[in-house]
K.L.:
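Once you've had a glance at the structure underneath, I'll fire off some questions.
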Amino acid sequence: MNVSRIALAGGVAASTVLLLAGTASAHVSVQPQGEAAKGGYATVNFKVPNERDDASTVKLEVNFPTDHPLASVSPQPVAGWKIDVTRSKLAKPLEVHGKKIDEAVSKVTWTADSKGIEPGFFQQFPLSVGQLPEDTDQMVFKALQTYSNKEVVRWIEEPAEGGEEPESPAPVLALSAPAADAHGAPADDKSGEAAAKEKTTASSDDTSSSNSDSTARVLGIVGIVVGVAGVAFGVLAGRRRNA
């Protein structure tokens with residue numbers, strides 16, 4: 001009886017932890033496809049889960065950071081959604097590939113023209129963005145999620161470094177170290193040498209692995225022969241005793 005009660009209590013506790021974890025992570029977020037390297041271009045997905053049981057998500061507004069404006073933002077078409085891209089004048093023009101840019105995308109809005117994101121589902125909204133800033137480790141995008149019952153959830157709270165996740169966190173895109181220059185060439189001229197070394201090491205590992213496999217097979221065959229010989233010896237010895 002005590003064992004059953006303990007098992008039941010453990011199951012309830014585990015279910016509660018999973019439920020709370022799912023609730024905490026069910027917010028609008030942004031993730032790159034691959035990496036979002038500083039100074040480069042990337043494709044990112046804004047993931048929008050529906051957190052309501054009685055309403056659908058019918059609108060998403062993503063506001064772009066003004067301290068690190070992006071000159072190039074191209075949305076990928078999403079079936080069932082209308083896309084509006086808002087551009088604004090920059091207080092300080094950007095220089096991209098030798099050209100001065102005096103405006104940048106300030107907001108992208110997706111509006112459902114059908115059912116939207118129904119309860120129990122999520123939707124991803126892809127964007128191609130660039131040129132990513134080189135002087136920061138992350139970009140914060142404040143988002144507004146509108147439901148069919150007119151409720152608006154504001155995902156705008158910026159996370160504090162080393163602090164707990166806020167109740168309504170804004171989507172944060174983490175930027176990785178630049179892996180290539182502006183033209184896509186390797187940042188380190190020794191990359192070819194490193195690749196060759198890695199290939200040589202892999203070849204050596206493959207050879208060692210092959211030798212180990214051959215040794216294992218030989219030992220296995222020897223073991224079988226010794227085993228058969230032992231059985232035969234035992235049979236002959238038994239016959240001699242019987243005789």
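Being a predicted model, the structure only gives us computed values, none of them experimental. Only heavy atoms go into these numbers, but all of them, side chains included; no hydrogens, no water, no symmetry mates.
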K.L.:
Determine whether Lys115 and Ser56 make a side-chain contact, defined as any pair of heavy atoms from C-beta on separated by less than 4.5 Å.
P.N.:
no
K.L.:
Drop me the distance from Gln123's CD to Glu118's CD, to the nearest 0.5 angstrom.
P.N.:
11.5 Å
K.L.:
Less than 4.5 Å apart, any side-chain heavy atom of Glu165 and any of Glu157?
P.N.:
no
K.L.:
Could you tell me if the side chain of Gln138 sits less than 4.5 Å from the side chain of Val140, heavy atoms only?
P.N.:
yes
K.L.:
Would a single hydrophobic cluster contain both Val58 and Val28, if residues Ile, Leu, Val, Met, Phe, Trp and Tyr are joined by side-chain heavy-atom contacts under 4.5 Å?
P.N.:
no
K.L.:
Is the number of heavy atoms from other residues, nucleotides or ligands within 6.0 Å of CD (Glu35) greater than 12?
P.N.:
no
K.L.:
Restricting to non-hydrogen atoms, name the atom on Gly80 and the atom on Asp113 that form the minimum distance, rounded to 0.1 Å.
P.N.:
O-OD1, 2.7 Å
K.L.:
Kindly work out whether a path of hydrophobic side-chain contacts (I/L/V/M/F/W/Y, heavy atoms less than 4.5 Å apart) joins Phe64 to Ile156.
P.N.:
no
K.L.:
Of all the heavy-atom pairs spanning Gln124 and Val78, show the shortest one and how long it is.
P.N.:
O-CG2, 4.2 Å
K.L.:
Under 4.5 Å between side-chain heavy atoms, counting indirect links through other Ile/Leu/Val/Met/Phe/Trp/Tyr residues: same cluster for Leu173 and Leu144 or not?
P.N.:
no
K.L.:
Compare all side-chain heavy atoms of Glu51 with those of Tyr147 and state whether any distance is below 4.5 angstrom.
P.N.:
yes
K.L.:
Kindly say whether Ala55 contributes a backbone atom to a donor-acceptor pair with the side chain of Asn50 at under 3.5 angstrom?
P.N.:
yes
K.L.:
Just say parallel, tilted or perpendicular for the rings of Phe46 and Phe141, cut-offs at 30° and 60°.
P.N.:
perpendicular
K.L.:
What about Met139 and Leu60, same hydrophobic cluster or not, with Ile/Leu/Val/Met/Phe/Trp/Tyr joined at side-chain heavy-atom distances under 4.5 Å?
P.N.:
yes
K.L.:
Does Gly39 offer a backbone N or O that forms a donor-acceptor pair with the side chain of Gln131 under 3.5 Å?
P.N.:
yes
K.L.:
Should Val172 and Val129 be regarded as members of a common hydrophobic cluster, given that ILVMFWY residues are connected when their side-chain heavy atoms come within less than 4.5 Å of each other, either directly or indirectly?
P.N.:
no
K.L.:
Quick one, Pro178 and Glu134 - any side-chain contact, counting heavy atoms below 4.5 Å?
P.N.:
no
K.L.:
Out of curiosity, Asp54 CG to Ser148 OG, how far, rounded to the nearest 0.5 Å?
P.N.:
8.0 Å
K.L.:
Taking the basic N atoms (NZ, or NE/NH1/NH2) and the acidic carboxylate oxygens, is any pair closer than 4.0 Å for Lys38 and Asp135?
P.N.:
no
K.L.:
Using side-chain heavy atoms (C-beta onward) and a distance below 4.5 Å, is Asn45 in contact with Gln31?
P.N.:
no
K.L.:
Considering only heavy atoms from C-beta outward, does the side chain of Pro171 approach that of Val62 to under 4.5 Å?
P.N.:
no
K.L.:
For Pro49 and Thr57, work out which heavy atoms get closest and say how close.
P.N.:
O-OG1, 4.5 Å
K.L.:
Which pair of heavy atoms, one from Ala42 and one from Leu132, lies closest together, and at what distance?
P.N.:
CB-CD1, 4.1 Å
K.L.:
Measure the NZ-CD distance between Lys142 and Glu61 for me, rounded to the nearest 0.5 Å.
P.N.:
14.0 Å
K.L.:
Can you tell me how far the CZ atom of Phe122 sits from the NZ atom of Lys47, to the nearest 0.5 Å?
P.N.:
5.0 Å
K.L.:
Any idea which heavy atoms bring Thr136 and Pro133 closest together, and the distance?
P.N.:
CG2-CG, 3.6 Å
K.L.:
May I ask you to test the Trp155-Ser168 pair for a side-chain heavy-atom distance under 4.5 Å?
P.N.:
yes
K.L.:
Going by the side chain to side chain contact (heavy atoms under 4.5 Å, CB included) test, name the single residue among Ser74, Ser72, Ser128 that passes it with Tyr41.
P.N.:
Ser72
K.L.:
Closest heavy-atom contact between Pro166 and Pro169?
P.N.:
O-CD, 3.3 Å
K.L.:
Other residues, nucleotides and ligands only: do more than 12 of their heavy atoms fall within 6.0 Å of CZ on Arg87?
P.N.:
yes
K.L.:
Before giving the answer on side chain to side chain contact (heavy atoms under 4.5 Å, CB included), spell out for Val105 and Leu70 the whole-Å C-alpha distance, their side-chain angles and the decisive distance to 0.1 Å.
P.N.:
CA-CA 6 Å; Val105 172; Leu70 299 175; 6.0 Å; no
